[in-house]
Enquirer: 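Before we start, here is the structure in question, set down as structure tokens.
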Amino acid sequence: MQLTILAFGIAKDILGRRELQLEVPDDTTVRDLKDRLLERYPEFSRLVSLAIAVNSEYSAEDVLLQERDEIALIPPVSGG
Amino acid sequence: MSDFFTTQERARYARHFTLPEFGEEGQRKLKQSSVLVIGAGGLGSPLLLYLAAAGVGRIGIVEFDQVDESNLQRQVLYTIGDLGQSKGEVAVRRLRALNPLVEVEHYPTRLSSENALSIFRGYDLVADGTDNFPTRYLVNDACVLSGIPNVYASIFRFEGQVSVFNLLRADGARGPNYRSLFPQPPPPGMVPSCAEGGVLGVLPGIVGSLQASEAIKVLTGIGDPLDGRLFLFDAASFSSRILKIPDTPGPAITELIDYEEFCGLAPSTAVKEIGVQEFFEMRERGVDFQLIDVREPYEVEIAELGGELIPPAEIERSADRIARDKMVVLHCRSGRRSADAVRLLEERFGFDNLYNLRGGILAWADEIDPSMAKY
């Protein structure tokens, strides 16, 4: 199935783009997705505080993803 | 009609008095409340102006910095004539001129674990407009320990985040706080500050105004504040999102800690360094070495030393571009991010030929080339 990944803040720099379409197996959880992203983009391993939202809701790691889910990667920002 | 308000106040706040849901009751609540604003910078500017204009009874400003020319692109509280002056003092004068009916107090200090709880005491609400992670966590924890809501906003390049943390709900429980969202800070140097990553000048105007609006809503009890929700705004794509933050409690907060250490900013292991003078001479002599610039692309356009650019977020991915068979010098603006990069590369990839350029671009501009732009 295909997922849409939206990157905010510094996650945009890590992905090199704002939006990414990612093909994943059908039984993928948020944790699996994180692992997959880590494999492709090792910098995510340093971003320990990355929040992941699925369809505008903060998501626990064991949540099973569905086709067409929109995943947002939200790192903290500190500017004022 | 009660005589709670003077004729002058009735004239000044006329549009609030006639506003349905707000009215005399809303204005009375504002007048009887107090807000502590942390940081009088990009977010603090619109925030303070609107809170004072709206008639919040007492406003505190925690700010230790002076007005710098690079502030004027977004910090609309200040003018050319204020350069070099204490931001807090200028802000107090400006707010008193705008609305002499509000009480304004300046705390000319850096917020710390030692002073936060005593400064927060007596305020109904804190609005966080600081510019660094240690203070963000400190403000959050001090709000939780003091039982005060934290109207939070933060900006980055074209993006803003807004939320209302630790809000007391009707059932007596407190809403989520910053640590429910981000339990751990990012490692130092990973997320650029406004100085490092740049920021669209009008962005804090937009986001700080939203913050003022949330503060006024919380104080007056009007509408639905962003409790348990995080608002995200991207000016570049003009898109926004509201994300639900779960009620599951974050880490317990029982005392204030050392936030510099928590954010990894405490004195860390020393890295090999080279001064700008020595670096200059090496170049003159034609020594073969590799120069790596670990700043953001935007910064290179302002000032550069001709190094290969590897932004902090790409360092691990780009480790194979860094030579192992000769001396490698890493630099950034001040030497902080490049020291972090040297540390990271040594730890993760076993480099032993890396040197940090002490003081970075700033030292180069001071000691070698005064025509180089400092930013």
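Order of the sequence lines fixes the chain letters, A, B, ..., with proteins taken first and strands second; residue numbering starts at 1 for each chain. Just the heavy atoms: all of them, side chains too, but no hydrogens, waters or symmetry mates, feed the values below. From a predicted model like this one, the values you see are computed outputs, not experimental measurements.
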Enquirer: For Glu159(B) and Gly9(A), indicate whether the former's side chain and the latter's backbone hold a donor-acceptor pair under 3.5 Å.
Expert: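 Flag set: sc Glu159(B) to bb Gly9(A) pair under 3.5 Å.
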Enquirer: Locate the shortest heavy-atom distance separating Ser45(A) from Glu316(B); write the atom from each residue and the value.
Expert: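 Reported closest heavy-atom pair: OG-OE2, 4.0 Å.
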Enquirer: Which bit of Leu344(B) comes within less than 4.5 Å of chain A, counting heavy atoms only: side chain, backbone, both or neither?
Expert: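 The answer is the side chain of Leu344(B).
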Enquirer: Between Ser59(A) and chain B, which part of the residue has a heavy atom less than 4.5 Å away: side chain, backbone, both or neither?
Expert: neither
Enquirer: What residue in Thr135(B), Leu181(B), Val199(B) has the most heavy-atom pairs under 4.5 Å with chain A?
Expert: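 That would be Leu181(B).
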Enquirer: Quick one: what part of Asp128(B) sits under 4.5 Å from any heavy atom of chain A, side chain, backbone, both or neither?
Expert: neither
Enquirer: Using side-chain heavy atoms (C-beta onward) and a distance below 4.5 Å, is Arg157(B) in contact with Val77(A)?
Expert: no
Enquirer: Between Ser45(B) and chain A, with a heavy-atom cut-off of 4.5 Å, which part of the residue counts as in contact: side chain, backbone, both or neither?
Expert: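 Neither part.
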Enquirer: Less than 4.5 Å apart, any side-chain heavy atom of Ser78(A) and any of Asp131(B)?
Expert: no
Enquirer: At a 4.5 Å cut-off on heavy atoms, which part of Ser180(B) comes close to chain A: side chain, backbone, both, or neither?
Expert: neither
Enquirer: Give, as side chain, backbone, both or neither, the part of Arg179(B) having an atom under 4.5 angstrom from any heavy atom of chain A.
Expert: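 Nothing of Arg179(B), per the 4.5 Å heavy-atom cut-off to chain A.
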Enquirer: Considering only heavy atoms, which portion of Pro76(A) lies under 4.5 Å from any heavy atom of chain B: side chain, backbone, both, or neither?
Expert: both
Enquirer: Are a donor atom and an acceptor atom from the side chains of Ser239(B) and Arg18(A) found within less than 3.5 Å of each other?
Expert: yes
Enquirer: Need one label for Phe158(B): side chain, backbone, both or neither, based on atoms under 4.5 Å from any heavy atom in chain A.
Expert: neither
Enquirer: So which part of Ala53(A) gets closer than 4.5 Å to some heavy atom of chain B, the side chain, the backbone, both or neither?
Expert: side chain
Enquirer: Check whether any side-chain N or O of Arg136(B) sits under 3.5 Å from a backbone N or O of Gly79(A) as a donor-acceptor pair, and report yes or no.
Expert: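 Yes, Arg136(B) side chain to Gly79(A) backbone: donor-acceptor pair under 3.5 Å.
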Enquirer: Under a 4.5 Å heavy-atom cutoff, which of Leu230(B), Ile155(B), Leu203(B) has the most pairs with chain A?
Expert: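 The residue among Leu230(B), Ile155(B), Leu203(B) with the greatest pair count is Ile155(B).
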Enquirer: Which atoms of Ile38(B) are under 4.5 Å from chain A, going by heavy atoms: the side chain, the backbone, both sets, or neither?
Expert: neither
Enquirer: Check each atom of Pro186(B) against the heavy atoms of chain A and say whether the ones under 4.5 Å are side chain, backbone, both or neither.
Expert: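 Both backbone and side chain of Pro186(B) come within 4.5 Å of chain A.
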Enquirer: Using modelled atom types only, decide if a donor and an acceptor are shared between the side chain of Ser49(A) and the backbone of Phe182(B) within a distance under 3.5 Å.
Expert: no
Enquirer: Pro312(B) versus chain A, heavy atoms under 4.5 Å apart: side chain, backbone, both or neither?
Expert: backbone
Enquirer: Identify which part of Leu6(A) has an atom lying under 4.5 Å from any heavy atom of chain B, answering side chain, backbone, both or neither.
Expert: side chain
